[in-house]
Amino acid sequence: MIIGYTSGVYDLFHIGHLNLLKNASALCDRLVVGVSTDDLVSYKHKKSVIPFNERMEIVRSIKYVDAVIPQETLDKMEVWRKIKFDVIFVGDDWYENNRWKEYEQQFQEVGVKIIYFPYTKGTSSTLLNETLIKLRNDL
């Protein structure tokens, strides 16, 4: 059985999120998804629009997802030690990022494959948030 893992904030759930989960699910037998806790989101000096428990429930309800866990750390190796996934899925906006270059080496040593999916152009939670703020200000 191939266990896949991916993670994210999943705030203002959009087609990019759905594409990632759908594509990841097709490449593993069981897909585990980490949803960032509100505390983890705040490290970027950000605040999610949708509360953590609701984001967990939204992701849990997606038919491509087999299990949802809180993402309490950015350390993917720490998560791997807990659930021992075989493959990790991430957006290609992280490709060649220094942190992910380190993960590539660490995951290679334990036999985990990293699959980078194309980032969905034209949509993101950040863009949706900015658009909502602008719309509200124009009212």
Side-chain angles (χ1 to χ4, degrees):
M1 175 179 286
I2 297 171
I3 298 172
Y5 177 75
T6 192
S7 61
V9 178
Y10 299 103
D11 197 24
L12 301 176
F13 197 89
H14 55 73
I15 193 67
H17 295 137
L18 187 62
N19 288 342
L20 176 79
L21 298 175
K22 181 179 181 179
N23 293 332
S25 175
L27 297 174
C28 61
D29 299 309
R30 181 170 171 76
L31 180 61
V32 179
V33 179
V35 176
S36 299
T37 62
D38 289 335
D39 285 342
L40 189 60
V41 173
S42 70
Y43 93 95
K44 293 181 178 178
H45 306 292
K46 292 186 177 184
K47 185 176 185 338
S48 61
V49 174
I50 309 296
F52 171 69
N53 287 337
E54 292 180 22
R55 290 183 284 115
M56 288 274 290
E57 190 57 35
I58 290 166
V59 174
R60 183 180 289 116
S61 298
I62 305 297
K63 70 180 182 179
Y64 306 110
V65 175
D66 296 297
V68 176
I69 61 173
Q71 178 183 234
E72 300 171 316
T73 178
L74 294 175
D75 185 342
K76 306 301 184 203
M77 287 304 297
E78 186 175 324
V79 177
W80 177 81
R81 285 188 281 278
K82 289 180 182 176
I83 64 173
K84 300 287 196 267
F85 50 81
D86 303 293
V87 59
I88 186 167
F89 305 100
V90 64
D92 68 359
D93 50 326
W94 291 106
Y95 187 70
E96 295 291 321
N97 170 283
N98 288 336
R99 183 186 319 156
W100 280 91
K101 284 181 185 179
E102 285 181 38
Y103 283 140
E104 287 174 8
Q105 182 179 354
Q106 293 171 335
F107 282 136
Q108 185 176 10
E109 291 172 9
V110 295
V112 171
K113 184 175 182 178
I114 299 175
I115 296 179
Y116 294 94
F117 285 130
Y119 188 78
T120 303
K121 303 283 188 259
T123 188
S124 71
S125 296
T126 300
L127 179 62
L128 290 172
N129 263 323
E130 289 170 356
T131 302
L132 287 171
I133 289 168
K134 184 176 181 342
L135 285 172
R136 289 179 185 129
N137 289 339
D138 288 346
L139 292 178

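Since this is a predicted model, take the numbers as computed values, not measurements.
Annotation: the span from Asp39 atom CG to Thr73 atom OG1 amounts to 12.0 Å, rounded to 0.5 Å. Distance check: Lys113 NZ to Asp86 CG gives 11.5 Å after rounding to the nearest 0.5 Å. With rounding to the nearest 0.5 Å, the separation of OG in Ser48 from CD in Glu54 is 9.5 Å. Between atom CG of residue Asn53 and atom CD1 of residue Ile58 there is a gap of 11.0 Å, rounded to the nearest 0.5 Å. Separation of atoms NZ (Lys22) and CG (Leu27) is listed at 12.5 Å; rounding is to 0.5 Å. In this structure, CD1 on Ile114 lies 5.0 Å from CD on Glu104, to the nearest 0.5 angstrom.
Remark: the backbone N or O of Leu31 is paired with a side-chain donor or acceptor of Asp66 at under 3.5 angstrom. Panel note: side chain Tyr103, backbone Lys76; a donor-acceptor pair is recorded below 3.5 Å. For the pair Ser25 (side chain) and Leu21 (backbone), a donor-acceptor distance under 3.5 Å is absent. Counting only distance, with no hydrogens or angles, the side chain of Arg60 and the backbone of Val68 share no donor-acceptor pair below 3.5 Å. Looking only at distances, a side-chain donor or acceptor of Thr6 sits under 3.5 Å from a matching main-chain atom of Phe89. Of the possible polar contacts, none joining the Arg30 side chain to the Ala67 backbone as a donor-acceptor pair under 3.5 Å is found.
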(request) Show the numbers, then the answer: is there a side-chain contact (heavy atoms from CB on, under 4.5 Å) between Arg55 and Val9? (result) CA-CA 8 Å; Arg55 290 183 284 115; Val9 178; 3.6 Å; yes

(request) Apply the test side-chain contact (heavy atoms from CB on, under 4.5 Å) to residues Asn23 and Tyr64: give CA-CA distance (whole Å), side-chain angles for both, the deciding distance (0.1 Å), then the verdict. (result) CA-CA 9 Å; Asn23 293 332; Tyr64 306 110; over 6 Å; no

(request) For side-chain contact (heavy atoms from CB on, under 4.5 Å), just list the numbers for Ile69 and Tyr5, CA-CA rounded to whole Å, side-chain angles, deciding distance to a tenth of an Å, and then say yes or no. (result) CA-CA 10 Å; Ile69 61 173; Tyr5 177 75; 4.0 Å; yes

(request) Please lay out, stage by stage, how Phe85 and Val79 fare under the test side-chain contact (heavy atoms from CB on, under 4.5 Å). (result) CA-CA 9 Å; Phe85 50 81; Val79 177; 4.0 Å; yes

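When all heavy atoms of Gln71 and Ser7 are compared, the pair lying nearest together is OE1-OG, 2.8 Å.
The local environment of CD in Gln108 is sparse, with at most 12 non-hydrogen atoms from other residues, nucleotides or ligands closer than 6.0 Å. With a 6.0 Å radius and a threshold of 12 heavy atoms from other residues, nucleotides or ligands, Glu96 has its CD atom above the threshold.
The aromatic rings of Tyr116 and Trp100 sit perpendicular, their planes meeting at an angle over 60°, well past the 30° parallel limit.
The existence of a salt bridge linking Arg81 and Glu78 is excluded, since no basic side-chain nitrogen approaches an acidic carboxylate oxygen closer than 4.0 Å.
Judged by a 6.0 Å distance limit and a 45° cone about the ring axis, Lys82 is not positioned over the six-membered ring of Trp80.
Side-chain contact between Val33 and Tyr10 is present, with at least one heavy-atom pair separated by less than 4.5 Å.
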